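Small disclaimer: the values here were computed from a predicted structure and weren't measured.
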Amino acid sequence: MDPIPQIYCKYSMTPLINASGCNCATTKMLNELAEAPGLCAIMTKSATLEPRAGNPEPRYWEALDQSFTINAMGLPNCGIKYYLDYYKRLDGTKHSLFISIAGLTLEENKAMLDIIFSQDTEYYKYIDAIEINLSCPNLVGHSQLAYDFNDLDMYLSELLPYIRASQDSNSAHHIAIGLKLPPYFEASQFDIITSILKKQNETFDQHIKFIHCINSVPNGLVIDPATESPVIKPKGGLGGLGGSIIKPVALANVRGFYTRFKQAGLEIDIIGSGGISTGTDVFEFILAGAEMVSIGSQLMLEGPNCFDRICTELMVIMQEKGYITLDAYRGKLKD
Ligand code: DHB
């Protein structure tokens, strides 16, 4: 397979990355990813400034037939420094290294960026991409920023120049900046997000290099009829849905943004995510326009061996169809 010609996937022959939150919260989990064949890049659990315990358990549940998962984890993580130290120790890995940040406020994200770009520790030298998670659905009392278009625009107007200034002062332009977005459903929502991204990239010199969509479908409810209660405890049982059942929504989001970005002349790559469990799924996401794809629920269900299996399946379907590179069919969904 061809190397993906992007700075955040520069070494690899595969388009696969783990989705943030799945098997990536501790050193042990991250080591499992680093050793898993088939993965071109590693993503951390979305980090906060300080470690967090997250929501009360049970907070994650899998359907018996493996068709979906629901979670309301509440950002349990070891804190930003833990992940940056881990990446520093991995120096020399063939993987591209993504750090996901999910500060509960703009100030918290800025504080994490200060740590990333600190000249004392030089963490920025060890990472390839920063993903700003604007779509965590599971925080009690916090709504998702990416659903409030005015706030999102104002937020980016403050955060992007802050990141740019840090990159400028450290000559750290190798780091790709991206946004993790929730699912959108209406054409008007895709139009608005595209126009916000276009405005931001015109103002801040094409600073946003990728979006990652979709995050889990927020606020689903799964009920266990035996116990007559929700299957997870936080938020009255409400949680983010993942797994095969969300794939059509995810594909529509990748396609919706891919076509609009092309029309608007926006050079922003798309990492597709949502319900990918086979090589055929990956093929469909690339056809819809994804540059890379991430695996979340399937990683939880099957473990890190899923990447190698999915890559092999992708190669088989490409060979059957006579495609030698991903570029040969990326975005070329037929009418
Ligand atoms: C959590 C869930 C998400 O979907 C996400 O993007 C970030 C965090 C969580 O509940 O921990």
Side-chain angles (χ1 to χ4, degrees), residues 7-8 17-22 24-27 29-30 41-55 73-91 96-139 141-146 151-152 154-182 200 204 207-212 215 271 294:
I7 47 174
Y8 40 80
I17 181 172
N18 63 296
S20 176
C22 300
C24 59
T26 64
T27 296
M29 294 172 183
L30 289 162
I42 300 174
M43 175 79 78
T44 63
K45 171 72 184 165
S46 291
T48 48
L49 191 54
E50 300 298 336
R52 275 174 64 91
N55 289 333
M73 304 297 287
L75 281 177
N77 77 93
C78 299
I80 182 88
K81 284 195 189 123
Y82 179 96
Y83 300 111
L84 293 170
D85 281 329
Y86 177 80
Y87 277 169
K88 207 166 176 177
R89 290 200 300 277
L90 264 194
D91 189 23
S96 295
L97 302 179
F98 284 55
I99 182 103
S100 170
I101 62 171
L104 272 49
T105 61
L106 177 63
E107 294 315 314
E108 187 176 353
N109 270 342
K110 284 185 175 175
M112 285 193 279
L113 290 161
D114 288 345
I115 293 173
I116 293 172
F117 290 105
S118 153
Q119 300 216 339
D120 293 339
T121 48
E122 296 187 323
Y123 288 125
Y124 59 89
K125 290 192 171 164
Y126 302 89
I127 63 177
D128 297 286
I130 301 173
E131 177 167 290
I132 303 158
N133 186 350
L134 303 171
S135 53
C136 177
N138 300 325
L139 297 172
H142 286 261
S143 55
Q144 289 188 52
L145 181 67
D151 282 2
L152 174 66
M154 286 192 303
Y155 194 94
L156 293 175
S157 298
E158 194 156 342
L159 196 63
L160 292 177
Y162 195 82
I163 301 176
R164 170 50 55 88
S166 304
Q167 287 184 282
D168 285 349
S169 61
N170 289 306
S171 299
H173 300 109
H174 67 282
I175 298 178
I177 305 300
L179 309 177
K180 180 84 179 268
L181 297 177
Q200 293 293 341
F204 300 116
H207 203 190
I208 302 168
K209 292 284 188 293
F210 67 94
I211 60 165
H212 189 169
N215 205 328
I271 305 178
S294 74

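Interatomic distance, CG of Leu152 versus CD of Gln144, reported as 11.5 Å (0.5 Å rounding). For the atom pair NZ of Lys209 and CD1 of Ile130, the computed distance is 12.0 Å after rounding to the nearest 0.5 Å. Rounding to the nearest 0.5 Å gives a distance of 5.5 Å between CG of Leu49 and CD of Glu108. Once rounded to the nearest 0.5 Å, the distance linking NZ of Lys81 with CD1 of Ile116 reads 12.0 Å. Atom CD1 of Ile175 sits about 4.0 Å away from atom CD1 of Ile127, to the nearest 0.5 Å. Interatomic distance, Ile115 CD1 to Lys110 NZ, rounded to the nearest 0.5 Å: 15.0 Å.
For Thr26 and Tyr82, the side-chain atoms include no donor-acceptor pair closer than 3.5 Å. Asp114 and Tyr162 share a donor-acceptor pair across their side chains, judged by distance under 3.5 Å alone. Using a 3.5 Å distance cut-off with no hydrogens or angles, the side chains of Thr48 and Asn77 do pair a donor with an acceptor. Residues Asn133 and Ser135 have side chains that bring a donor and an acceptor to within less than 3.5 angstrom of each other.
Checked by atom type and distance alone, the side chain of Asp151 never pairs as donor or acceptor with a backbone atom of Leu145 at under 3.5 Å. The closest donor-acceptor contact from the side chain of His173 to the backbone of Arg164 lies at 3.5 Å or more, if one exists at all. Without hydrogens or angle criteria, Thr44 side chain to Ser100 main chain gives a donor-acceptor distance under 3.5 Å. The backbone N or O of Asn138 sits less than 3.5 Å from a side-chain atom of Asn55, completing a donor-acceptor pair. Between the side chain of Lys88 and the backbone N or O of Thr121, at least one donor-acceptor pair lies under 3.5 Å. Proximity of a side-chain donor or acceptor of Asp128 to a complementary backbone N or O of Leu97 within less than 3.5 Å is detected.
Two residues are said to be in side-chain contact when any heavy atoms from C-beta on lie closer than 4.5 Å; Tyr126 and Arg89 fail this criterion. With contacts defined as side-chain heavy-atom distances shorter than 4.5 Å, the pair Leu159/Leu113 qualifies. The shortest side-chain heavy-atom distance between Arg52 and Leu139 falls under the 4.5 Å cut-off. By the 4.5 Å heavy-atom criterion applied to side chains, Ile177 and Gln167 are counted as neighbours. Counting only heavy atoms from C-beta outward, the side chains of Ser118 and Tyr123 never approach each other to under 4.5 Å.
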Is there a side chain to side chain contact (heavy atoms under 4.5 Å, CB included) between His212 and Ser294 once you walk through the steps?
CA-CA 9 Å; His212 189 169; Ser294 74; 2.8 Å; yes
Evaluation steps, side chain to side chain contact (heavy atoms under 4.5 Å, CB included), between Leu104 and Leu75
CA-CA 10 Å; Leu104 272 49; Leu75 281 177; 3.8 Å; yes
Could you walk me through whether Leu134 and Tyr155 satisfy the side chain to side chain contact (heavy atoms under 4.5 Å, CB included) test, starting with their C-alpha distance in whole Å, then the side-chain angles of each, then the deciding distance to 0.1 Å, before giving a yes or no?
CA-CA 10 Å; Leu134 303 171; Tyr155 194 94; 4.0 Å; yes
Show, in sequence, the C-alpha distance, side-chain angles and deciding distance for Leu90 and Leu30, and conclude whether the side chain to side chain contact (heavy atoms under 4.5 Å, CB included) test is met.
CA-CA 10 Å; Leu90 264 194; Leu30 289 162; over 6 Å; no
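For Ala41 against Phe98, the heavy-atom pair with the smallest separation is CB-CE1, 3.8 Å. The minimum heavy-atom distance between Asn170 and Phe117, with the atom names listed, is ND2-O, 3.1 Å. Between Glu158 and Leu106, the shortest heavy-atom distance links the atoms CD-CD2, 3.5 Å. When all heavy atoms of Gln200 and Leu160 are compared, the pair lying nearest together is OE1-CD1, 3.6 Å. In terms of heavy atoms, Pro76 sits closest to Lys45 at O-CE, 3.3 Å. When all heavy atoms of Tyr124 and Ala172 are compared, the closest pair comes out as CD1-CB, 3.8 Å.
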